[in-house]
Amino acid sequence: ADVINFDGQGVISYRFKVKKMKIIKDVIALRFKTSESEGVILHGEGQQGDYITLELRKAKLLLQINLGSNQYGSILGHTSVTTGSLLDDNHWHSVVIERYRRNVNFTLDGHTQHFRTNGEFDHLDLDYE
């Protein structure tokens, strides 16, 4: 594992081997510590409007995911789940996001929330960066 330090202005970019991916299952695991109460930890999006974002808001961890919405507005895929509190304590916190289709396990420091994403789509369509 690598340890990366940020000063609030930096970003690290990761490129996948293929330009577009249609993902049915993913597991994202990371650890972080911060004294800041706001900030984006992870973000990925695709040209179809799909996205996944993990961020700190008011020292809580917010996961936002959208597996797709349609142009008519009858299928709205945006899902938002918050967990934890006082995460700006400069201690290490462990996060695991496990998704299979629309079923998600969102774990922070060993405490897991199980939820199902909104909408009808089950693939996360992301661009390669």
Asker: Apart from V96 itself, what residues make up its hydrophobic cluster, given side-chain heavy atom links below 4.5 Å?
Answerer: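 Hydrophobic cluster check, V96: joined to V27.
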Asker: With sequence neighbours left out, which residue pairs that include part of residues 26-39 fulfil the side chain to side chain donor-acceptor pair (under 3.5 Å) condition?
Answerer: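 Of all non-adjacent pairs touching residues 26-39, those that pass side chain to side chain donor-acceptor pair (under 3.5 Å) are D26-R99.
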Asker: With a 4.5 Å cut-off on side-chain heavy atoms, are H123 and D125 touching?
Answerer: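 Answer yes - side chains close enough.
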Asker: What distance separates I28 CD1 from F106 CZ, expressed to the nearest 0.5 Å?
Answerer: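 Here the interatomic distance stands at 10.5 Å.
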Asker: With I41, which residues qualify under side-chain contact (heavy atoms from CB on, under 4.5 Å), at least two apart?
Answerer: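 Only L30, F32, L54, L56, L61 meet the side-chain contact (heavy atoms from CB on, under 4.5 Å) criterion with I41.
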Asker: Please name all residues satisfying salt bridge (charged side-chain N to carboxylate O under 4.0 Å, His left out) with D122, sequence neighbours left out, ordered by chain then number.
Answerer: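 Listed in chain order: R101.
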Asker: Roughly how far, to the nearest 0.5 Å, is the OG1 atom of T117 from the CD1 atom of I65?
Answerer: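 Result: 6.5 Å between the selected atoms.
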Asker: Using side-chain heavy atoms (C-beta onward) and a distance below 4.5 Å, is F115 in contact with L63?
Answerer: yes
Asker: Among pairs that include at least one residue of residues 52-62, which meet salt bridge (Lys or Arg N to Asp or Glu O under 4.0 Å), considering only residues two or more places apart or in two chains?
Answerer: E55-R57
Asker: Can you run down the side chain to side chain donor-acceptor pair (under 3.5 Å) pairs that involve residues 102-113, sequence neighbours left out, and say none if there aren't any?
Answerer: T83-Q113, H93-D109, N103-R116, N105-H114, T107-T112
Asker: Among residues at least two apart in sequence or on other chains, which ones pass side chain to side chain donor-acceptor pair (under 3.5 Å) with S94?
Answerer: none
Asker: Quick check: do L108 and L87 have side-chain heavy atoms less than 4.5 Å from each other?
Answerer: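 Of all side-chain heavy-atom pairs linking L87 with L108, at least one is under 4.5 Å.
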Asker: Consider side-chain hydrogen bond (donor to acceptor under 3.5 Å, both in side chains). Of H43, H78, E45, which one does Y51 pass it with?
Answerer: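 Filter result, single survivor: H78.
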Asker: Could you report the tightest heavy-atom contact between S80 and L62, atom names first, then the distance?
Answerer: OG-CD1, 3.1 Å
Asker: Who pairs with N118 by side-chain contact (heavy atoms from CB on, under 4.5 Å), at least two apart in sequence or on another chain?
Answerer: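 N118 satisfies side-chain contact (heavy atoms from CB on, under 4.5 Å) with T79 once adjacent residues are dropped.
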Asker: Can you tell me how far the CG atom of L86 sits from the CG atom of D88, to the nearest 0.5 Å?
Answerer: 6.5 Å
